[in-house]
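Notes follow the structure.
In what follows, chains are A, B, ... by sequence order, proteins preceding strands, each numbered from 1.
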Amino acid sequence: MDYHEIDKKWQKAWDDARLFEGDVSNKDPYLITVAFPYVNGPQHIGHLRTFGIADVLARYKRMSGFNVLFPMAFHATGTPILAFAKRIRNNDQDLIKDLKLFHIPDSDIAKMTDPLFIADYFRNEIEKGMHEAGYSIDWRRKFVSIEPFFSKFVEWQFGILNSRGYLVKGKHPVGWCPNENNAVGMHDTKRDVEPEIEKVAGVKFKVEGEDTYFLCATYRPETTAGVTNLWVKKDSRYALCRIDGKDTFYVAKAASDILKYQMKVEPIGEISGSDLLSKRCLNPQSGASLPVFYGEFVDDAFGTGVVMSVPAHAPFDYAELEKLKSQGIAKDIKPIRVIEIPEGAHPEFSQTSSMPGYLDAPALAYIEMFKSQDSDDVLELATKQQYKEESHLGKMILEGYAGMGVQEAKAKITSQMLSSGKAMDLYILANSPVYCRCGYPIVVNVVDQWFLNYGNAQWKKQAKEAYSAINVLPEKSRKAFDSAIDWIDLRAVARSQGLGTRFPLEQDKIIESLSDSTIYMSFYTISNFLRGIDVEKLKPELFDYIFLGKGDAEAVSAGTGVGYETAKRCRESFEYWYRNTSRHSGPDLIFNHLTMYIFNHSTIFDKKYWPKQIVVNGSVLSEGEKMSKSLGNIVPLVDALGKYGADVMRTMVAAGADLFSDSEFSDEAARGLDERFGYLHEVAQRVSDSDGGELRHIDYWMYSRMNRKVREVTAQIEKLELRGVSTAVVYDSVLELKRYLSRAEPNGMVLKEYISNVVLMMAPMAPHIAEELWHDLGNENFVSIEKWPSPDESMISDKIEAEEALLDSIISDSKQVIALMKKAGKEPKSVTLIVADEWKRDLANELCKSKSIKSVIERLNGTDPAIAAPEREKAIKYVQQLAKKLNSMRVSETSQEEEFKLLEEASRYLYESLKYPVAIEQESKSKSQRASNALPQRPSIDIHS
RNA sequence: GCAGGGGUGGCAGAGCCUGGCCAAAUGCGACGGGCUUAGGACCCGCUUCCUUUAGAGGAUGCAAGAGUUCAAAUCUCUUCCCCUGCACCA
């Protein structure tokens, strides 16, 4: 098959027939929307999973009688496109190399210093790719999220959110580039590192004899009472500074340069590390007087550059003190335990409490433990291990907190120290250093920010109500939403940079790009009507009318200048399509976009228009790995289409795995699909309209399989279990056809009906090939809008299928016996199959129903005619023989006569499969020695040599 | 750490909700055979171990362990391991 020719041919035919343009009608609506693609890069096949699955649903629903609308738009707001343009301006070779991988010509790359060019370039590229993939999209409604008429819509949305009181102002820590003066997220860092911001406690240690403090950043404020000394860095400069206009502190100079972004830091003086050694300070918890030492491990640019020393609970501190002691310094320092791991609580250190002078799970022991691992980071590992175990298993032994779990104590002690002024909140960049793309190390900045308050109780309640009515596919992702709705809280909503809509409450800010796209799906219902209208006319009252039903078309038309007809049509279109919606996206969007989608819909729209269904799907793997530039395993969409054609690629991507799982993209899988499609094509071309005459057993089998398949596939596709659909439609059908064609001369009618149903069911996944086969079968209309088949339940027969399976087991058993004979040097000449007598069936079925050997034998001994057998002795022996199989036995619905007829009818098939003449006999009439071995559903096999 | 999803034969991947036709579908791979000039095409067989020269029987087995049950890949509990997300970023 020439896939490319077929793809092109049908895509053109669909376009010419305007098959996928959805307009208001009297049929039931079905609006399918996917997370719109971001136009900051070329398309690879990984992008197509969500789109492909949505398209399968769109096509299926269309065939099921719905009026389907599958629109598409493009996302371009935010910073990525600006960053992209900047990298091109800086002649970033990594990026340029990636673009060449996608066959983008140098002349186009050169123009990509312009963000708008980038957006338009990739919008075009993506649109073209989707078209070539055969997605049934109504392209009349497309738009880009940076277009002015869309901004008007977003402004209207934020007006509503503001009127609800959901926009609030507050402070928030963000990753920050001091060089560019801008917030920095993962996409703005070198090697795409996410800046990990952590809140830690800044504990204040009063300097003796001075009105000033040491400030120590710590993850473990609960061990403050165990602090024996402080550490500072040798040869480092320390600053004395006033923080937030209040107390003065000693912190490292380097640290103060970082801290100044999150708090007000006024330098007062400078001092060297060595000058600090002469000072002593007070433990804020115990009041003990503490010395200050040099610590080799101290990093003066991390935290505050002053570190508190807890040798009982921190291996670094312990090891450092041991070192000092060996030099005759710090001789008096003794570790102070505040936590212990109760005896027996620890699987390995059950004896720890007896270890000399130390904590229950001593630092020393951990250091020893990791020494043997030949690691450079012995102390690092030991620290993590001890922290983990103490926070899990440890109990406080500190006065006032004795017996309390460490995590609980940490929370209590922290809040108590904060409220009593013994500590303050600090943020640190846990994975520092992280570098901005510009090359500067990132710091933490606490900025004033506008937030959307998803933590608002009223709003949360409403979102939960909306969510409870949403059908989530797959079912197992439902729980994730429950936690997401509970968890989502303040969300920063405006940025100082980026493309997009200006934030109404602060005009120099841009609305953040996830926040501007929470209800845009509703915009599809009207985008085609609004295009071309002067944006100044798109006033809030217009949207109030369209989306909220406020006022009437006449007044709105008069007030805005938008035509009466247009306004009215928009309102109708929205009301119609938004009754029934399905939203599609990847699992990474559950915790942001999809949850925000639910929140925004619940507060803005009438209940009637709340979301009806959300579908979450996995991604696409290549060579077992997620597609990634660094792995070099990206398959550009154009390459995939060129190599495999649209349908193989579609089927592989959409149906290669179950909904939630990742699907594997491989040549191997492609070849498999290609072979099956080819086979189906071949068979379809051979089908004739000839009347095959009377239906035989194998024809009924084919009908049974076909109708069962229709029933199962319909159930599966409703739940979007596309893996099962493709297996049943593509793979199993081929197996069944092969069997049918080898079993007997095909009946033309049966074959045609079977293939037709297969083609109908493959149409959503492989629409081009389906159209081609559909026309091969003599049809003139589009399969894309043909009616989805429904099963004829009366044709589904377990009995007939079991009987056909019987033939196969007879063949396989016979082959086995023949092989054994040959091995023994005997040459088989013919095969006799002996069908068990009726009384054996009766007894077996009786046994099956009663599940009791005893009662059946009792009845045999009686005079119950229903289970009468010719010879009682033989019958009892037979029953006893069946005893072992009792649990796995099924009631046999096939009579002796039917079984006999089945074998007779299939004798040609049996002969062809076995290559020996086959005779069929009945047990009672057989002279064979083996006749009595016959069981129901298991004829005795007698092979003559 | 918290939250969510997982762990099945050489690999991929069904089965698990609703326990028993499950030594576990299907595909790929490996191996043996047939067809053939040849085969990446097609057909047949085989792919845990042991026993057995008539289609068989037995043992072990679905991350590990324990439990419920006449019966567990499937239900319950514990442990271990893997993946994803944890925010201002699309």
For nucleotides C35(B) and C44(B), find the distance between their P atoms and express it as a whole number of Å.
-> 15 Å
C1' gap between U26(B) and U8(B), integer Å | 14 Å
Counting any heavy atom closer than 4.0 Å, what does Thr727(A) reach on the DNA or RNA strands: base, sugar-phosphate only, or nothing?
-> nothing
Measure from CG on Asp808(A) to P on C44(B) and round the result to the nearest Å.
-> 11 Å
For the residue pair Phe503(A) and Phe158(A), does the interplanar ring angle fall in the parallel (under 30°), tilted (30 to 60°) or perpendicular (over 60°) class?
-> perpendicular
Looking only at atom C1', what distance separates U84(B) and G58(B), rounded to whole Å?
-> 45 Å
With rounding to whole Å, what would you report as the distance between A38(B) and G45(B) at their C1' atoms?
-> 23 Å
When you measure from the side chain of Ser940(A), which nucleotide among C88(B), C44(B), G55(B) comes out closest?
-> G55(B)
Quick tally for nucleotides 6-19 of chain B: nucleotides whose base has a protein heavy atom under 4.0 Å get B, sugar-phosphate-only ones S, the rest -, giving S------SS-----
Do you see a donor-acceptor pair shorter than 3.5 Å between the side chains of His584(A) and Thr50(A)?
-> no
Judged by modelled atom types alone, do Thr832(A) and His944(A) share a side-chain donor-acceptor pair under 3.5 Å?
-> yes
So does Lys738(A) get a side-chain nitrogen or oxygen closer than 4.0 Å to the phosphate oxygens (OP1/OP2) of C43(B)?
-> yes
P atoms of U48(B) and C11(B), separation to the nearest Å | 13 Å
May I ask you to say what Asp732(A) touches in the nucleic acid, namely base, sugar-phosphate or nothing, with a heavy-atom cut-off under 4.0 Å?
-> nothing
Using the C1' atom in both, what is the distance from U37(B) to A14(B), to the nearest Å?
-> 42 Å
At under 4.0 Å between heavy atoms, what does Asn40(A) touch on the DNA or RNA strands: base, sugar-phosphate, or nothing?
-> nothing
Stepwise side-chain hydrogen bond (donor to acceptor under 3.5 Å, both in side chains) test for Thr77(A) and Asp516(A) | CA-CA 8 Å; Thr77(A) 65; Asp516(A) 70 16; 2.8 Å; yes
What is the minimum heavy-atom distance between Ile920(A) and Val918(A), and which atoms define it?
-> CD1-CG1, 3.9 Å
What residues 667-681 of chain A contributes to the RNA chain B interface at heavy-atom separation below 4.0 Å is Glu668(A), Arg671(A), Arg676(A)
Within the structure shown, what part of the strands sits under 4.0 Å from Pro939(A) by heavy-atom distance: base, sugar-phosphate, or nothing?
-> base
Integer angstrom distance from the P of C88(B) to that of U76(B) = 38 Å
Assign Ile943(A) to base, sugar-phosphate, or nothing according to its heavy-atom contacts below 4.0 angstrom with the strands shown.
-> base
Using both distances under 3.5 Å as the test, list the Watson-Crick or G-U wobble partner of G4(B), or none.
-> C83(B)
Sort and list the pairs that fulfil salt bridge (Lys or Arg N to Asp or Glu O under 4.0 Å) and have at least one residue in residues 473-484 of chain A, not counting sequence neighbours.
-> none
Sticking with atom P, work out how far U78(B) lies from G61(B), rounded to a whole angstrom.
-> 23 Å
Report which part of the nucleic acid Leu735(A) touches: base, sugar-phosphate, or nothing (heavy-atom distance under 4.0 Å, all strands).
-> sugar-phosphate
Which nucleotide in the list A87(B), G5(B), A54(B) gets nearest to the side chain of Val817(A)?
-> A54(B)
What is the distance, rounded to the nearest whole Å, between atom CZ of Arg930(A) and atom C1' of G55(B)?
-> 10 Å
Looking for any heavy atom pair under 4.0 Å, which part of the strands does His172(A) touch: base, sugar-phosphate only, or nothing?
-> base
